[in-house]
2 protein chains.
Amino acid sequence: MNETDASSRADAPRGASVAPGGPAAEASAVLGGAEPSAAEPVGPEASGPPGVPTMFDVARAAGVSHMTVSRVLNDRGGVSGATRERVRRVIADLNYTPSPAARAMANRRSGQIGLIQAGRPDYGPSNAALGFNEAAREAGYTVSQVSMRGVDAGALTQAVHRLVLQRVEAIVVISGERDGVEVTRGIDAGVPIVAVASEDEPGMHRVSMDQYAGAVRATEHLIGLGHREIRHVTGPDDSMDAAERRRGWADTLRAHGLEVREPLTGDWLAASGYAAGRDLLADVSATAVFVGNDQMSIGLLAACREAGVDVPGALSVIGFDDIPEAAFFAPPLTTLRQDFDGLGRDIMATVLDVLRDEAAAPDRTERVPELVVRASTAPPGRLPT
Amino acid sequence: MNETDASSRADAPRGASVAPGGPAAEASAVLGGAEPSAAEPVGPEASGPPGVPTMFDVARAAGVSHMTVSRVLNDRGGVSGATRERVRRVIADLNYTPSPAARAMANRRSGQIGLIQAGRPDYGPSNAALGFNEAAREAGYTVSQVSMRGVDAGALTQAVHRLVLQRVEAIVVISGERDGVEVTRGIDAGVPIVAVASEDEPGMHRVSMDQYAGAVRATEHLIGLGHREIRHVTGPDDSMDAAERRRGWADTLRAHGLEVREPLTGDWLAASGYAAGRDLLADVSATAVFVGNDQMSIGLLAACREAGVDVPGALSVIGFDDIPEAAFFAPPLTTLRQDFDGLGRDIMATVLDVLRDEAAAPDRTERVPELVVRASTAPPGRLPT
DNA sequence: TCCAAAAGCCCCACCATAATG
DNA sequence: TCATTATGGTGGGGCTTTTGG
């Protein structure tokens with residue numbers, strides 16, 4: 001019965017449709033009244049899809065096939081000017097917009113870029129994400145974002161998969177932590193992955209600012225002021241930025257024949273800077289500190305204040321990032337400004353490059369943080385307490 | 001000839017697919033070996049799609065029909081525990097996740113929620129967005145985000161339209177500024193819009209924290225310490241949060257029979273707090289200030305320091321938000337902690353409510369900011385300088 | 001409890017056809 | 001006869017629903 005059924009059903013609409021326009025349209029619309037003879041009492045106003053109009057509705061209204069509509073939609077050739085115009089008008093009248101889901105299925109591309117943001121929404125990442133989002137929009141892409149506070153490998157993997165299945169065309173990872181990048185690199189996503197990563201990550205596209213150069217500038221600023229004992233408060237172990245800044249600091253000290261002491265470690269938050277500050281102050285010889293970021297700096301400054309250590313009189317402090325509050329620290333913080341918005345735009349630019357030609361990695365030049373001198377650094381003076 | 005052709009072509013495929021098992025699966029997978037008689041040497045390991053696995057791959061591997069897989073996926077009854085387990089395992093093994101695009105088509109729902117984030121990515125909005133994002137994911141939704149630094153009406157309108165075209169099921173607006181909310185309210189998006197808004201916005205769903213109550217607590221804290229001249233630094237004019245906090249402050253002063261002086265105005269940034277501080281210090285009578293947020297507080301504290309005004313000795317300062325750095329200000333800031341992550345989750349909860357029944361607005365109870373007393377407030381002592 | 005089969009959902013790639021030159 | 005141009009037709013794509021065992 002199947003066959004009979006199928007063929008009969010298949011034929012009827014066909015026959016019917018020969019005269020008018022589309023095929024399937026009739027299938028779903030005409031249906032019952034299929035038999036051409038059936039006087040078409042199909043009361044319910046035939047189609048009557050109360051929902052959004054489909055391509056077939058447009059086709060019918062314009063008296064063309066759905067294919068022609070498709071061609072018009074995608075600005076493909078092979079449609080006469082007149083027809084194109086007519087279809088366009090109908091599209092406007094019906095307020096028709098193609099279903100992204102259907103498009104995604106058929107095209108295997110979604111016009112979406114996935115953004116994975118893992119970690120605390122600090123000043124840097126948030127602004128980079130914003131810059132990226134704006135750039136993506138300008139490039140005609142939509143951003144599907146997955147944010148997570150932690151950088152759990154499982155969650156990250158899940159996120160990548162979700163995005164891949166959404167048919168995103170590329171995945172961007174903004175996560176300071178190395179794990180966040182490593183994990184995603186291990187996944188054969190089938191789509192290019194672009195990560196913000198200041199260390200080289202073979203087999204993956206990356207974008208970053210020149211953390212190393214920034215650290216060099218910071219350290220040289222201190223050395224230039226006459227400091228010889230320069231400590232460092234680094235970020236978490238698995239932060240690539242932290243590693244690069246530390247490397248820049250250490251290399252610079254060495255280049256100047258200065259001693260490289262073990263850095264103190266923080267987690268980027270003010271509280272850890274405070275803790276590091278307390279430890280640091282036990283070291284009476286240091287006259288300057290290069291702190292991994294501004295947030296930790298404020299904590300460290302608090303520790304100094306508490307211990308009665310004058311900054312910059314007894315200790316010079318330099319931060320990194322130049323968050324908007326840095327100028328109002330006590331004292332105003334000398335730091336390195338990073339252009340996060342620019343970084344975000346660089347990310348999207350790289351995505352476009354990669355999408356254009358996966359192989360040709362155009363290797364964008366890195367932005368270099370800019371030294372902003374304020375009141376927390378000065379030539380070494382009296383020794384700490 | 002159309003007819004002949006059409007019918008013959010139409011029949012062939014139909015007839016062919018009738019025989020084997022699954023429909024589409026076989027079509028793309030088995031293909032040649034379709035004929036049941038074909039001894040199934042289907043060499044190429046059947047499916048072989050190098051891409052992501054489909055439901056049919058799972059079904060085959062688990063030895064069940066794709067329907068069962070579907071039931072398991074959607075937690076629908078009619079599947080024995082054992083089978084369910086087996087299918088689950090296979091799903092995990094294959095790292096299978098259903099294609100959102102296909103689901104969207106079949107379900108007529110995209111599973112996407114649009115998020116519009118307008119304005120600077122400050123601590124509050126960023127964390128609320130993060131909380132929302134996580135909650136959305138947990139609820140099985142995907143987030144399509146549109147971020148923009150400004151709150152330009154045109155851009156906002158554009159954003160809403162973009163999201164509607166994407167067929168998002170709801171739109172969330174996180175934008176402190178009233179304009180951001182007003183604009184989106186005027187749009188007949190066809191999908192529910194939920195906005196973070198602390199003022200009542202007729203004709204739109206809103207979520208917020210109780211800014212008013214927070215401000216009352218802040219003011220009462222100061223009054224409780226014995227202050228009688230309490231000034232206020234408010235946020236930008238078009239911030240609803242700012243308006244509510246100001247209202248809470250003013251009402252509380254009045255309730256205690258205290259004078260309500262014109263507040264100073266800032267833009268939430270530290271620099272504006274600094275400027276407000278300088279103005280404020282001209283007023284020698286004030287013994288306390290309720291500052292609209294923590295960022296402005298740090299600026300104001302800097303102004304005090306510069307002017308040699310002791311905090312809290314000569315002036316008590318209380319902020320709002322409790323950003324992680326607040327405890328390390330000079331002095332550590334008394335402030336009102338807001339649970340932004342919770343707010344984000346409330347947003348998603350509201351979205352779900354609304355999606356469930358647009359009419360029944362369950363009016364979630366607002367979270368109330370919590371007073372965190374630190375060192376920037378104290379009983380009034382010696383007068384300012 | 002579970003399988004089988006088929007009909008969509010909406011669109012696009014690809015092929016077929018018709019009418020022109 | 002062979003390109004060319006303008007259309008129409010078919011077959012998925014992956015999943016849910018429905019109907020029928």
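On a predicted model such as this, the values are computed, not experimentally measured, just so you know. Each chain gets a letter, A, B and so on, in the order the sequences are listed, and its residues count up from 1.
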Notebook entry, point to check: Can you list, by residue number, the residues of residues 87-104 of chain B that have a non-hydrogen atom closer than 4.0 angstrom to DNA chain C?
Noted result: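 Close to the strand, none.
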Got a sec, which residues hit salt bridge (charged side-chain N to carboxylate O under 4.0 Å, His left out) with B/R345, two or more places apart in sequence or on another chain?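 Checked B/R345 against salt bridge (charged side-chain N to carboxylate O under 4.0 Å, His left out); matches are B/E134, B/E138, B/D341.
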Nearest-Å distance, [atom1] ([X]) to [atom2] ([N])?
X      : N      : atom1 : atom2 : answer
B/M105 : D/dG11 : CE    : C1'   : 14 Å
B/D57  : D/dC15 : CG    : C1'   : 13 Å
A/F56  : C/dG8  : CZ    : P     : 12 Å
A/M55  : D/dG8  : CE    : C1'   : 12 Å

* B/R167 and A/T97: side-chain donor and acceptor closer than 3.5 Å? ->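 Indeed, the side chains of B/R167 and A/T97 share at least one donor-acceptor pair under 3.5 Å.
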Regarding B/S144 and B/Q112, do their side chains bring together a donor and an acceptor under 3.5 Å, going by distance alone?
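There is no such pair between these side chains.
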Checklist line | Expected output: side-chain A/S70 to main-chain A/H66 donor-acceptor under 3.5 Å | finding: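 A pair under 3.5 Å: no.
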Quick one: CE on A/M55 to OG1 on A/T68, what's the gap to the nearest 0.5 Å?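 The distance works out to 8.5 Å.
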Q.
Measuring to OP1 and OP2 of D/dG9, would you say a side-chain N or O of A/S65 lies under 4.0 angstrom away?
A.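 False: A/S65 side-chain N/O out of range (4.0 Å or more) of D/dG9 OP1/OP2.
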Note to self: For D/dT7 and A/S80 - does any side-chain N or O of the residue sit under 4.0 Å from the phosphate oxygens OP1/OP2?
What the structure shows: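 Yes, because at least one side-chain N or O of A/S80 sits under 4.0 Å from OP1 or OP2 of D/dT7.
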Scan nucleotides 17-21 of chain D against the protein and return all N/O pairs shorter than 3.5 Å with their distances rounded to 0.1 Å.
residue : atom : partner : partner atom : Å
D/dT17  : OP2  : B/R76   : NH2          : 2.9

### Message
Is there a salt bridge (charged side-chain N to carboxylate O under 4.0 Å, His left out) between B/R86 and B/D93? Walk through the geometry before answering.
### Response
CA-CA 10 Å; B/R86 183 154 36 98; B/D93 286 353; over 6 Å; no
Kindly give the heavy-atom pair with the smallest separation between B/M348 and B/A139, and that separation in Å.
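Distance-wise, the nearest heavy atoms are CE-CB, 4.0 Å.
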Identify the two heavy atoms, one from A/I113 and one from A/A170, that lie closest to each other, and give their separation to 0.1 Å.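 Looks like CG2-O, 3.5 Å.
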* Asked: How would you label the contact of B/G63 with the nucleic acid (heavy atoms, under 4.0 Å): base, sugar-phosphate, or nothing?
  ->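 B/G63: backbone/sugar contact only, no base atoms under 4.0 Å.
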